[in-house]
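Encoded as structure tokens, the structure appears first; notes follow it.
Sequence lines set the chain letters: A, B, ... in the order given, protein chains first and strands last, and positions in each chain run from 1.
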There are 2 protein chains.
Amino acid sequence: MEPQTKRFRKREAILSYLQHTDAHPSAETVYAGLKSTMPDISLGTVYRNLSLFKDQGMIRSLGSVKGVERFDGNINPHVHFICTCCGAVKDLHEMHIPQELNSQAAVLSHAKIQACQLSFTGICQECAENK
Amino acid sequence: MEPQTKRFRKREAILSYLQHTDAHPSAETVYAGLKSTMPDISLGTVYRNLSLFKDQGMIRSLGSVKGVERFDGNINPHVHFICTCCGAVKDLHEMHIPQELNSQAAVLSHAKIQACQLSFTGICQECAENK
DNA sequence: CTGTAAATGTGAATTATTCTTATTTACGCC
DNA sequence: GGCGTAAATAAGAATAATTCACATTTACAG
């Protein structure tokens with residue numbers, strides 16, 4: 001059961017954490033979440049590996065929300081709602097981005113398109129009630 | 001011709017700068033661009049007023065590109081292409097976001113939607129050639 | 001002229017992120 | 001087992017974007 005090597009334990013834990021949450025956490029949040037079971041993990045390791053996974057295309061960045069970068073372990077294209085008040089990010093899995101947009105964008109931008117992101121910003125129900 | 005007051009001169013200049021460019025500049029870029037005609041403008045003023053305009057809905061933020069926030073003086077909804085290599089942002093005015101998506105998002109997210117953003121990321125032609 | 005409130009300049013403070021360096025770890029080889 | 005090597009990590013320093021605090025300037029009313 002135990003992996004025979006501990007070399008990538010932190011690295012794997014970071015990826016696994018991201019893939020098992022839909023909270024779209026920041027580096028700091030990943031760090032805090034792993035700290036309870038891995039007290040000796042360091043924030044640098046989290047940043048380093050998030051950056052690595054991002055370069056490898058294993059995770060995606062949502063860009064910054066309120067100044068801090070947020071990550072998504074789900075690389076299937078999907079739509080996001082972002083609350084500008086509390087910073088919560090929710091998946092809108094039921095919405096779909098028309099597929100032809102990608103090729104249309106490639107033609108219009110004269111560029112090699114790597115990704116497409118559709119997101120809505122606003123005030124979530126909770127924040128609206130607590131105002 | 002000359003405005004009878006100088007009180008809002010910097011503030012107006014910042015807004016005007018944004019509204020007359022399609023370069024989607026950062027705070028630093030706005031500052032550098034205005035510095036030539038307004039040598040005594042300060043970076044703090046640029047940040048302060050960009051934040052003010054953003055809150056008032058007179059400009060929009062595209063979020064961070066390569067770690068720095070970018071602004072758009074054109075608040076009509078439109079699609080962006082962002083080069084992950086050089087950070088250039090181009091408008092894709094020919095593309096349109098289906099209008100019904102907004103209300104669909106409101107229903108699915110149980111939230112009050114304020115804005116919608118569709119952007120494509122990739123490598124622009126110039127960067128592809130210079131590699 | 002004087003009081004005021006808004007707008008600004010300045011530089012310090014904050015904060016997210018990256019970098020540097022020393023340490024630890026796994027693992028192959030002798 | 002002991003040793004060498006290279007990858008992964010921890011720790012904290014360094015960097016860079018952004019915000020903050022406060023003194024100064026400005027416009028304008030009285």
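Under 4.0 angstrom from either OP1 or OP2 of D:dT26 there lies no side-chain N or O belonging to B:Lys10. Contact check, A:Ser42 against D:dA11: no side-chain N or O comes under 4.0 Å of OP1 or OP2. An OP1 or OP2 oxygen of C:dA7 is reached within less than 4.0 angstrom by no side-chain nitrogen or oxygen of B:Arg48. Between A:Lys66 and C:dA16 there is no side-chain polar atom (N or O) within less than 4.0 angstrom of OP1 or OP2.
Comparing A:Lys35 and B:Ala27 against DNA chain D, the residue whose closest nucleotide sits nearer the 5' end is A:Lys35. Taking for each of A:Ser64 and B:Val46 the nucleotide of DNA chain C with the nearest heavy atom, the 5'-most of the two is the partner of B:Val46.
Checked options B:Asn49, B:Asp72, B:Leu50; the residue passing with B:Ile59 is B:Leu50 (criterion: side-chain contact (heavy atoms from CB on, under 4.5 Å)).
Rounded to an integer number of Å, the gap from CD of A:Glu69 to P of C:dT15 is 19 Å. One can place CG of B:Leu34 at 11 Å from P of C:dG9, the figure rounded to the nearest angstrom. Rounded to an integer number of Å, the gap from CZ of A:Arg11 to P of D:dA7 is 11 Å. Atom CG in A:Leu43 sits about 15 Å away from atom C1' in D:dA14, given to the nearest Å. As rounded to whole Å, 16 Å separates atom C1' of C:dT17 from atom CZ of A:Arg70. If you take NZ of A:Lys54 and C1' of C:dT17, they are 10 Å apart, rounded to a whole angstrom. Following rounding to the nearest Å, B:Asp40 (CG) and C:dT8 (C1') show an atom-to-atom distance of 9 Å. The separation between B:Asn49 atom CG and D:dT18 atom C1' is 15 Å, rounded to whole Å.
Around CD of B:Glu100, the count of heavy atoms belonging to other residues, nucleotides or ligands within 6.0 Å exceeds 12.
Residues A:Asp40 and A:Lys10 meet the side-chain proximity criterion, which asks for heavy atoms closer than 4.5 Å. Within the 4.5 Å cutoff, no side-chain heavy atoms of B:His80 are placed close to those of B:Arg70.
Checking D:dT18, C:dT17, C:dG9 against the side-chain heavy atoms of B:Ile41 singles out C:dG9 as nearest. Here the side chain of B:Tyr47 is nearest to one of D:dT9, C:dT8, D:dA17, namely D:dA17. Which of D:dT9, C:dA16, D:dA17 sits closest to the side chain of B:Val68 comes down to D:dA17.
Counting any heavy atom pair closer than 4.0 Å across all strands shown, B:Glu28 reaches no nucleic acid atom.
With values rounded to the nearest 0.5 angstrom, B:Thr84 atom OG1 is found 7.0 Å from B:Phe81 atom CZ.
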